[in-house]
Structure formats: structure tokens, C-alpha cells
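Taking it in order: structure first as C-alpha cells, then the write-up.
Here is the naming used below: chain letters follow the sequence lines, and residue numbers restart at 1 for every chain. No hydrogens, no waters, no symmetry mates; every other heavy atom, side chains included, goes into these values.
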Amino acid sequence: MTVGGRIVRQNLKGKVYFAHIEDGTGRLQLFVRIDNVGEQTYEMIRRQIDLGDFVQAGGTMMRTRRGEVSVMVDEFVLLAKALSPLPVIKERVLEDGTLERYGAFSDVEERYRQRYADLAVNPDVREVFRKRARVVRALRDFLDAEGYLEVETPILQPIYGGAAARPFVTHHNQLHQDLYLRISFELYLKRLLVGMYDAVYEIGRDFRNEGVSFKHNPEFTQLEFYEAYTDYHGMMDITERMIAYVAEQVHGSTQISYQGHTIELAPPWRRVTLREVIREHTGIDYMQHRDAPSLLQAMQAAGIQAAPKDTWGKLVDTLLGEVEPTLIQPTFILDYPRDISPFAKMVPGDDFHVERFELFIGGMELGNAFTELNDPLDQEARFLELQKLYRADDEEANPLDEDYLRAMRYGMPPCGGCGVGVDRLTMLMTDKSSIREVLLFPHLRERR
RNA sequence: GGGCGUGUAGCUCAAUUGGCAGAGCAGUGGCCUUUUAAGCCAUUGGUUGGGGGUUCGAUUCCCUCCACGCUCACCA
């Protein structure tokens, strides 16, 4: 038989040589005897072979005296040379079966900057990204089975929109046109509902020119899905089934462990209004404080810090921020104030709230959804209102997207839409507390 | 951007009140025909993140810059 792989451990003795080689399928020991390969090959091994080299060996299966299945080698070839040594990690299986590790490649910065080395020597890191692939596949399988159509919409957009975030700007030389890297897919996907697709989704990269943190990266992977003839209640149903399905596919169970918490993802999930959850947690009922100065006063009285110049909507958001870390079990927070939700339909009979929910698991926001606003006149009014709210130089202001309004004027079916952060979902499924642990090449400042 | 913390050999880490910068692994040379954290002998390897200051003397104290981590702000 012939085997190949990378040398991850070796033990050169006078006339015998042991090496463990590893490839994507696992590890195997090679047992080389000078009698079997000849003096010339043995001398080549002695002089040239290092940890990290890729080699190929031919021989027969055997078992060493210590009982390890190995290949008794009669042919040994160097396939590719490692010039720089990889960090060496040694490990030992203790009597009770636990693995003791000696040394490691654990410096976080170096692991991210040289992810190839991190992956090469840390199998558990490789496993994280296998799980990530399973998460994405599970999302696709689920939505495909639900009758959704996967689509791809522009990343380079002449007008950005669909979220409140600062964009990255680029330029098309020949067209003499500034273009923006998308901050969301929302407005393009909803155009497709106008175009008579009943249900569409896209998994792709969004770009936001904002701060970096344990849960923010300038580019991140988003899933957005939109379905006609449903509303945010329908989106809650499908979202909780979808994430439970992902957990089943990745873990074989809807129960997961995250940062020391046991989280049950089987539906149904808790559903509570924003007003109620804030009142429950902070004692403040924002409906009793309907303007910014009054709400600010109530918050200060409760010892919650807020910027005096914040809008009322921003203050409500700050209150939600107080609640967020406590939302460990999956929770839908529903019915948000209208003025922080420009693409959501009003709650019938309530001139204050819109049909919107955000989804929290493990103390993190994982998703955001609405009953989509499908009235072009209302949408235009919201755009104009927003423009007044933001100063002209504020990049977070959504530019008025006239083409989107044109699409809506042809008639948009009633629909629900939801966005889910795929990186954060992966963090949840891999028990990682930093988004950088689930991004192969996270953004780092340039080293000077 | 603010606060706190970290930065020493390729990797993981030491270094007493400010007193010659060290270990294990990896590497190099040697011994060893069943090793598996192999072992034994020898050995290379450092602008202690960069720059400046205090001092007879700085990894250690001070200033500054850089990077990273945590955190706050920001992120509908």
C-alpha cells in the first residue's frame, strides 16, 4: 500500500525511524527500518526529513510491539519540503483517557495573522471551520426544502441601504461612478418579490465601515430570506425551526452548550414584546415617557447611562442593550418603535409600534425581521422622515432609493423578511466567544 | 476614540528590591534496530515590540509610539 501525508512527529534512531504522518483523514505511523529501505534512503531521511515535510511511503500494514497499527515502509519519498518549522505541539494520552498537551500555538494575534499555521497544527481549529461549513449547508438545505429560491444580488451598489451603517466606498473607473459595498441585501431581495418570486434567500457578505469587536468584523456573512403572503409571526415560526434544524445537523441535538450555558433551541421560543422585556428588566415603561427628555430622565433615575443628545428611538435601543446580555435562551423580542424601523409595517391599531422582531441567543443579537412595509407611499414618507432625522453629512442616513420606490409602486405582495448573522450563529454552534474564531482570515490592523 | 491589561529565542513560558537574559520543545552535531511528550551527550539561537528618558547599571522605573486582548462608546 502507498500512503502520503505531512510529518507531524518523528523519532529518528540509529537504524530505525518512526514518523506520524497526517492528512485530512487522520494520522498514521510509519515504521522505517534501514534493512527495508536501504542505507541510501535511510541516509536521505537522516539528512533531509523534517517535521512539516510532505512525504509518501509504500509498504505493508503491521503492528508494532506496543500495538500501534503502522506501515512497515519499504519505499520512502519526499514530496514537498518545509523550510520553516511549524510550531510543535506534543500531546500525551493520560491513563484516564484525557489528553495532556505540551506547548501550543496559542498566541491569538499570531494565530489570526498566520491562520495557515494555526490550522496546520491545531486540529480543533480545523474542526471549527468544518462546523461552519455544516452550518451554511444546513441553512441552504432547510430553505431549499421550504421552497425558497437562492439568489445572488449586487455587492457593488450605486445606492446603499437596508440598514443603518456606514458603507465602504469604491469607484468604477470607466463608468466614472462611485459604488458602495453593500451593507445589506434587503432592498434587492424585496425587488424580487415584486418580480413574482414567492420566496427568496441569499447567503453572502455584507460590509460595514464600523468598529471591530468580539462580535463585529468589517465584512461578515449574512443570511436574508423573504417570503410573500406571510408576516413576522410566520418568520418567527420558520426561523426557530431553521435554527433548531441547524443545531440538529451540526450537533445532532437541539441542546447546545455555549460559554457555560446550556441552551435549548427546540421550538417554541419565548416571544415577548420589547416594551414588556424592558419594563421587566429595568422597570421603565417607555410608553410612559414618549419623548427623549422624559425617557432620558427616567433612565438616569434608574442609573442607566445615555447620551443626552440621543433621539428617543436611540434611547429605547440603549435600554434594549441593558437587557441583551441576559437573553441567553432563544428569545424573540417583538414590536419595535416605528422610528427606528423604516422598512417595517405598523402594528394594526397601534400608531407607535411596527411588526418587527429581533432574535437573541446566548446574549447576542442573531437576527432581525419585519413584516415588510409594502406600501410605496408610506415607504416614501419614511425615507423622507429619515432624511430629516439625520444631518446631511451623516453617512448612516439612508439615501432615498428612487428605484426601490419605483419597484414598490408596481405592487409588492405582503411579505415577511428576516436577516440572520451567520458568523454569530457559527459562534453559537462552535461555542466561541469571538467572531474572529469563526472567520478564517479576520480583519487585523496592518502590521507596520 | 476612552479605560484596563499584555508584548522576553521559531513555539510555550521563567527571570528575587534595578545587578552577567534562562528553561522545555523545535533546530544543529553525535549515540541508539519497536519509538510514541522517546532517551542520552554536545550545541546554535535574543536590538527583551519600536523610540526616548532616569540610573554606575533597565526585561524591571518613567514618557511616547506600535500591535493584540478585555471592556466602554459606536454599530436601527
Side-chain angles (χ1 to χ4, degrees), chain A residues 8-20 27 29-36 42 46-47 50-52 62-68 70 72 82-94 99-114 117-118 121-122 161-166 183-184 186 206 208-218 220 274 305-307 310-311 313-318 320-321 336-344 354 356 358 365 368 370 382 386 389-390 395-398 419 421 433-434 436 442 444-448:
Chain A
V8 294
R9 173 189 163 265
Q10 61 178 355
N11 180 11
L12 180 75
K13 300 165 78 76
K15 289 174 180 166
V16 295
Y17 169 72
F18 296 92
H20 279 98
R27 286 189 179 196
Q29 179 167 260
L30 305 181
F31 179 26
V32 178
R33 292 172 54 165
I34 193 167
D35 300 345
N36 294 31
Y42 200 82
R46 175 193 293 281
R47 294 293 161 207
D50 293 314
L51 286 171
M62 51 85 70
R63 200 178 274 275
T64 62
R65 276 181 204 161
R66 296 283 284 272
E68 180 166 350
S70 308
M72 176 68 85
L83 294 181
S84 305
L86 283 166
V88 176
I89 297 173
K90 298 195 171 188
E91 50 195 35
R92 179 172 64 169
V93 181
L94 298 178
L99 202 64
E100 191 177 4
R101 305 193 93 185
Y102 301 85
F105 183 48
S106 58
D107 183 274
V108 174
E109 182 178 353
E110 287 309 319
R111 284 183 46 234
Y112 296 160
R113 287 194 192 277
Q114 301 189 51
D118 184 27
V121 302
N122 291 320
R166 279 146 57 193
I183 57 174
S184 90
E186 168 142 0
D206 271 342
R208 295 189 183 174
N209 209 335
E210 308 280 0
V212 175
S213 82
F214 73 96
K215 55 179 177 178
H216 295 91
N217 195 65
F220 62 99
L274 179 66
Q305 286 201 335
D310 279 351
T311 62
K314 180 73 85 186
L315 291 173
V316 172
D317 204 50
T318 303
L320 176 57
Y336 281 61
R338 173 182 188 273
D339 62 348
I340 54 173
S341 315
F343 300 108
V354 294
R356 171 183 178 188
E358 286 188 312
E365 182 198 333
N368 182 25
F370 323 122
R382 303 269 194 105
L386 267 187
L389 214 63
Y390 289 100
E395 284 182 310
E396 279 183 30
N398 272 260
S433 62
S434 167
R436 293 179 162 188
L444 294 183
R445 210 179 295 258
E446 197 175 3
R447 187 180 262 169
R448 282 180 286 185

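Base-pair partner of B:G24: B:C11 (Watson-Crick or G-U wobble, both distances under 3.5 Å). With a 3.5 Å ceiling on both atom-pair distances, the Watson-Crick or G-U wobble partner of B:C31 is B:G39. In this structure B:C74 sits in no base pair that meets the Watson-Crick or G-U test at under 3.5 Å. As the counterpart of B:U54, no nucleotide is assigned, since no Watson-Crick or G-U wobble pattern has both distances under 3.5 Å. Across all strands shown, B:G69 pairs with B:C4; the Watson-Crick or G-U wobble distances both stay below 3.5 Å.
Closest-nucleotide positions on RNA chain B for A:L86 and A:Y336 were compared, and the one nearer the 5' end corresponds to A:L86. Both A:H20 and A:Q114 lie near RNA chain B, and the one whose nearest nucleotide falls closer to the 5' end is A:Q114.
Each of B:A37, B:A26, B:U35 was ranked by its minimum atom distance to the side chain of A:E68; first place goes to B:U35. In this structure, the nucleotide among B:U35, B:C11, B:C70 sitting nearest to the side chain of A:F105 is B:C11. Candidate nucleotides B:A38, B:C75, B:U33 were compared by shortest atom distance to the side chain of A:N11, and B:A38 ranks first. When distances run from any side-chain atom of A:R33 to the nucleotides B:C75, B:A38, B:U33, the shortest one goes to B:U33. Among the nucleotides B:A76, B:C74, B:U33, the one closest to the side chain of A:I34 is B:U33. Picking from B:C68, B:C11, B:C75 the nucleotide with the shortest atom distance to the side chain of A:H216 gives B:C75. Of the listed nucleotides (B:C68, B:U33, B:C74), B:C68 has the atom at the smallest distance from the side chain of A:L444. Taking only side-chain atoms of A:K15, from C-beta outward, the nucleotide of B:C68, B:U33, B:C11 with the closest atom is B:U33. Side-chain atoms of A:P85 lie closest to B:A26 of the nucleotides B:A26, B:C70, B:U34. In the set B:U34, B:A76, B:C68, the nucleotide with an atom closest to the side chain of A:M72 is B:U34.
The CG-P distance, from A:L274 to B:A76, rounds to 15 Å in whole Å. Per the geometry, CG belonging to A:N36 stands 13 Å off C1' belonging to B:U34, to the nearest Å. Between A:R66 atom CZ and B:U36 atom P the separation is 5 Å, expressed in whole Å. Atom CZ of A:R113 and atom P of B:A67 are 9 Å apart (whole Å). To the nearest angstrom, P of B:C31 lies 17 Å from OH of A:Y17. We find that CZ of A:F18 is positioned 14 Å from P of B:G39, with the value rounded to whole Å. One interatomic measurement links the two molecules: NZ of A:K13 to C1' of B:A38, which rounds to 6 Å at whole-angstrom precision. Remark: C1' of B:U8 and CD of A:E110 are 14 Å apart, rounded to the nearest angstrom.
Nucleotides B:C72 and B:C56 place their C1' atoms 45 Å apart, quoted to the nearest Å. Taking atom P in both B:C75 and B:U6, one finds a spacing of 31 Å when rounded to whole Å. Here, B:G22 and B:A67 have their P atoms 32 Å apart, quoted to the whole Å.
For A:D107 and B:U12, a side-chain-to-base donor-acceptor distance below 3.5 Å is absent, hydrogens and geometry of angles not being considered. For B:U35, its base sits under 3.5 Å from the side chain of A:R9 at one donor and acceptor pair at least. Judged by atom type and distance alone, A:T64 reaches the base of B:U35 through a side-chain donor-acceptor pair under 3.5 Å.
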Please test A:K215 against A:E365 for side-chain contact (heavy atoms from CB on, under 4.5 Å), starting from the C-alpha separation and ending with a verdict.
CA-CA 10 Å; A:K215 55 179 177 178; A:E365 182 198 333; 5.9 Å; no
Please assess A:V93 against A:E91 for the test side-chain contact (heavy atoms from CB on, under 4.5 Å), listing each intermediate value before the final yes or no.
CA-CA 7 Å; A:V93 181; A:E91 50 195 35; over 6 Å; no
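The two residues A:V16 and A:Y42 make their nearest non-hydrogen contact at O-OH, 2.7 Å. Of all heavy-atom pairs between A:A104 and A:I89, the closest is CA-CG1, 3.7 Å.
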Protein-nucleotides 28-30 of chain B N/O pairs closer than 3.5 Å?
residue	atom	partner	partner atom	Å
B:G30	OP2	A:R47	NH1	3.4

Shorter than 3.5 Å, N or O on both sides, protein versus nucleotides 21-25 of chain B: list them out with atom names.
residue	atom	partner	partner atom	Å
B:C25	O3'	A:K90	NZ	3.0

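For the pair A:R436 and A:Y112, the cation-pi test (distance below 6.0 Å, angle within 45°) is failed.
Ring geometry for A:F18 against A:F31 counts as parallel: the plane angle stays under 30°, on a 0 to 90° scale with 60° as the upper cut.
Here A:R166 contributes atom CZ and A:E210 contributes atom CD; the two are 5.5 Å apart, rounded to the nearest 0.5 Å.
Using a 4.5 Å cut-off on side-chain heavy atoms (C-beta onward), A:R208 and A:S184 make contact.
Between B:A67 and A:R445, a contact under 4.0 Å exists linking OP1 or OP2 to a side-chain N or O. Distances shorter than 4.0 Å separate none of the side-chain N or O atoms of A:S341 from OP1 or OP2 on B:A76. Contact between the side-chain N/O atoms of A:R338 and the OP1/OP2 oxygens of B:A76 is not found at any separation under 4.0 Å.
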